[in-house]
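The next block holds one structure in the form of structure tokens; read it before the comments.
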Amino acid sequence: MTRYTQVFLATAFTSRSRQEIEILQDCLFCIDDEGIIARIVRPDESDYQIVLKDYEQTDSFRRVEKGSYLLPGFIDLHNHASQWAQAGTALDIPLNDWLSTYTFSEEARFSDLAYAENVYEDIVETLLANGTTTALYFATVHKEASILLAEICAKKGQRGLVGKVVMDHPDETSPSYRDESTESALQDTEEFILAVKELGKTTKQGVYPVVTPRFIPSCTDEVLQGLGELAQKHDTHIQSHCSESDWAHQHVQQRLGKNDAQALNEFGLLQDKSVMAHCNFLSDEDAALFAETGSAIAHCPISNAYFANSVLPAARFSSMGVDIGLGSDIAGGFSPSLYDNARQAVISSRMLEDGVDTSLPADQRGVNESRITLTEAFYYLTAGGGESLSLPIGRLEEGYAWDVQRVNTTVPTARLPLFDDEINLQDLFEKILYLVRPENIQDVWVQGELVHSRR
Ligand code: GUN
Ligand code: FE
């Protein structure tokens, strides 16, 4: 009989589809030595008692106590680790001014590796403590500090996908913070890719290099073309910002005479492992191109409220077959918690559907069929994020990584309002998503390894 490295007896929630969750009540989760879910044994299966008896008295067994529940670890599809020190401040001016007034000067500080280490260690730990087991990061233009972020993810046990940011456009960047030249941007990116791939070979949970043109305005055509080629040559993920705000969308229209999506595609930057942040201003043709190429949207609902001049029509793009996950967009979004972002995704979608201007009649105020449910937001946080990255993560299912958070609903300082002995598990799932705070997240595993614990 196969020996499992760990067996958990627990009640868990996972996504079945955008519309439906699966409640795995009192199941046995059997994990192999690579940190993969080898088997889930349900109580009605014939060998349930046999597996339970076989493991119950061993060190490999863990009974998740009453009041605690398991959820898949969350996937942050868009996070500027290098903006963590800025989080919660400076959300008062439009995107373009925000970048040039606050953000580029903050990112420039990452030429100092000691500063980079301080900030990166803290953001990785903070995300793990918030239940984020995989993150797709923007670092900065600096090659060494970007490699350092990947090393910190590797060391702390987080599945990190990390990009050295490229920005070489002389008119849209300042001499104090840009790649020195198009050639050096491409060379540094290739060296970065090779270094992180090497690191990935010895990292259980995986770390991955990501080709990262910041966004079209800050990049020359030559560098965008070259980055598309590098991504293809080394078969890497790709990330950027796409059609985020009125300003960014119009800037690309004026420079290239087309939308971001069309341009990114022509530069070879839209493919199955591409994740584009925001995408609020995608046309239907752009969205169709995303669906066709397998490119995903990182939906950043908190950040969008400050910088995107709009609400992403997530329901519409999902129904067109576009992969969507959620991103914190630290520090355009102030919260490192994807719980907060899922809540905002639902709230924003309701405001898009109903509209907000009461001087208009109700039937002209909003956009029909825009709301998403909490179940759909949970899908984006987990399975949708995994599909966006083309990785076997985000589901509690055989063959998927054991990336899991244990949520304790009975923590004294953050007790969930549950007053009946018999808990309806569907209601409980909704309460968890709306009410959990970091105190409730007591254990976090990535690829079978315990990486955060509050006990
Ligand atoms: N567009 C280009 N750079 C950025 C960034 O750092 N944050 C956001 N939200 N949008 C961007
Ligand atoms: Fe961003």
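Counting starts at 1 for both ligands and their atoms, following the listed order.
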Ignoring hydrogens and angles, write down the donor-acceptor pairs under 3.5 Å from the side chains of residues 221-229, residues two or more places apart or on other chains.
from: Asp221; atom 1: OD1; to: Arg255; atom 2: NH2; distance (Å): 2.8

Exercise for review: Verify whether one side chain among Thr182 and Asp168 offers a donor that lies under 3.5 Å from an acceptor in the other.
Suggested key: yes
Check your understanding: In terms of atom number and element, which parts of ligand 1 are under 4.0 angstrom from non-hydrogen atoms of Leu99?
Key -> 2 (C), 3 (N), 4 (C), 5 (C), 6 (O)
Point to revise | Nearest heavy-atom neighbours spanning Cys242 and Ala261 | key: SG-N, 4.2 Å
Review point. Are Lys156 and Glu121 within salt-bridge range, i.e. N to O under 4.0 Å?
Key: yes
Review point. Which of the atoms of ligand 1 are close to Leu95, meaning less than 4.0 Å from one of its heavy atoms?
Key: 8 (C), 10 (N), 11 (C)
Practice item. Take every heavy atom of Phe138, measure it against each atom of ligand 1, and state whether any distance is under 4.0 Å. Key: no
Exercise for review: Give every protein N, O or S atom lying under 2.8 Å from the Fe ion (ligand 2), naming each by residue and atom.
Suggested key: His78 NE2, His80 NE2, His241 NE2, Asp329 OD1
Exercise for review: Verify whether one side chain among His169 and Glu172 offers a donor that lies under 3.5 Å from an acceptor in the other.
Suggested key: no
**Study point:** Protein heavy atom at shortest distance from atom 9 (N) of ligand 1
**Key:** Asp329 OD2, 2.8 Å
**Study point:** Gln83 N/O to ligand 1 N/O under 3.5 Å
**Key:** yes
Check your understanding: With a 4.0 Å cut-off, would you call Asp188 and Lys164 a salt bridge?
Key -> no
Check your understanding: Would Leu389 and Tyr208 satisfy side chain to side chain contact (heavy atoms under 4.5 Å, CB included), going step by step from the backbone distance to the final call?
Key -> CA-CA 11 Å; Leu389 295 172; Tyr208 304 84; over 6 Å; no
Revision key, fill the gap. Note: Trp98, heavy atoms under 4.0 Å from ligand 1, region reported as side chain
Review point. Is Arg395 salt-bridged to Glu387, going by a charged N under 4.0 Å from an acidic O?
Key: yes
Review point. Do Asp443 and Gln405 have a side chain donor and acceptor closer than 3.5 Å?
Key: no
Exercise for review: Assess Phe215 for proximity to ligand 1: is some non-hydrogen atom of it under 4.0 Å away?
Suggested key: yes
Practice item. Quick one: do Met167 and Phe104 satisfy side chain to side chain contact (heavy atoms under 4.5 Å, CB included)? Show the steps, please. Key: CA-CA 11 Å; Met167 37 199 290; Phe104 293 159; 3.8 Å; yes
**Study point:** Atoms of ligand 1 close to His80 [distance to a heavy atom under 4.0 angstrom, numbered from 1]
**Key:** 5 (C), 6 (O), 7 (N)
Check your understanding: Among Arg159, Gln158, Gln447, which residue meets the side chain to side chain donor-acceptor pair (under 3.5 Å) test with Asp403?
Key -> Arg159
Review point. Relative to the heavy atoms of His278, which atoms of ligand 1 are at a distance of less than 4.0 Å?
Key: 9 (N)
**Study point:** For atom 6 (O) of ligand 1, the protein heavy atom that lies nearest, with its residue and separation
**Key:** Arg214 NH2, 2.7 Å
Review point. For atom 10 (N) of ligand 1, what's the nearest protein heavy atom and its distance?
Key: Glu244 OE1, 2.7 Å
